[in-house]
Asker: 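This is the structure I want to talk about, given as structure tokens.
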Amino acid sequence: MAKFKTSDEIVLLRESGKRLARVLNAVAKEIKPGVTTKHLDEIAEKLIRATGDTPPFLNYTPHGVKVPFPASLCVSVNDEIVHGIPGERIIQNGDIVSIDLGLTHNGMITDSALTVAVGNVPDEVTELITETKRGLMEGIKAIRPGARIGDIGAAIERVAQSHGYGIVRELGGHGVGHAVHEEPYVPNYGRKGTGPLLKPGMVIAIEPMFMLGRENIMLLPDAYTVVTEDASLSAHFEHSVVVTKTGVEILTIE
Ligand code: MG
Ligand code: MG
């Protein structure tokens, strides 16, 4: 797996990311009380296929897991952090819903996620969502040629710590492009000036997950859904980005 993408591949990744952002934002608008999480997945898959692209999460089998992921979209509600499997669950007023989606365009994969509140939620929950997104943007701001992977984690961790949020330490960002998960791994915590060097042409997904409670997490028996052990709420945001000659470019925007 090439660690560095060619300029032709980056052109395709830019288009992949734009298409993904369009679909993800359209699905986000459908998140309302009364709809099932399965409905969101169906919309995501339909919109991806409508432009001739494919959903890379469908039937993806992560290392060490026996069953392939059965959907195009991950939908994680409330204390579910990531990798929730869409199904018959009905979204309620007051829920917070994270959606995570990949898209393959001409062989090139991008990955993005966001969290929205449904109806009215307490201020501390709105703040969790806003600050998780800020953690993502601060992490991205730390990216430029010559910076290191640890700089990203340090920037994300600083935002979480300023609010006392838990950080998911077992999961993090990753290289992306030819496969859903590539090297390098990008922890959501770290020390400045440590870890692999960032160089132009690297394409990585940055994805902080913050929670209101303690940092312990559990995996549900479905082999995919990751939840907070203390049932506290969590939020998740993700962009795929490319390291450029002068800094960083976000790929997963419209
Ligand atoms: Mg993702
Ligand atoms: Mg990802």
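Along the sequence shown, residues are numbered consecutively beginning with 1. Both counts, for ligands and for their atoms, begin at 1 and track the order of listing.
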Asker: Relative to the Mg ion (ligand 2), which of the N, O or S atoms in Glu207 is the closest?
Answerer: OE2
Asker: Pick out which of Ile109, Leu24, Asp53, Asp111 makes a side chain to side chain contact (heavy atoms under 4.5 Å, CB included) with Leu103.
Answerer: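 Of the listed options, the one satisfying the test is Asp53.
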Asker: Is the distance between the ring centroids of Phe69 and His83 less than 6.0 Å?
Answerer: no
Asker: So, is His174 placed with an N/O/S atom under 2.8 Å from the Mg ion (ligand 2), counting both backbone and side chain?
Answerer: yes
Asker: Rounded to the nearest 0.5 Å, how far apart are OG1 of Thr51 and NE2 of His105?
Answerer: 8.5 Å
Asker: Assess Asp100: does it contribute an N, O or S atom lying under 2.8 Å from the Mg ion (ligand 2)?
Answerer: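 Not a single backbone or side-chain N, O or S atom of Asp100 is under 2.8 Å from the Mg ion (ligand 2).
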Asker: For the atoms OD1 of Asp111 and OE1 of Glu238, give the angle they form at the Mg ion (ligand 1), rounded to 10 degrees.
Answerer: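 About 90° at the Mg ion (ligand 1).
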Asker: For a side chain to side chain donor-acceptor pair (under 3.5 Å) check, start with the C-alpha distance between Thr6 and Asp8, then their side-chain angles and the critical distance, and finish with the verdict.
Answerer: CA-CA 5 Å; Thr6 64; Asp8 287 350; 5.3 Å; no
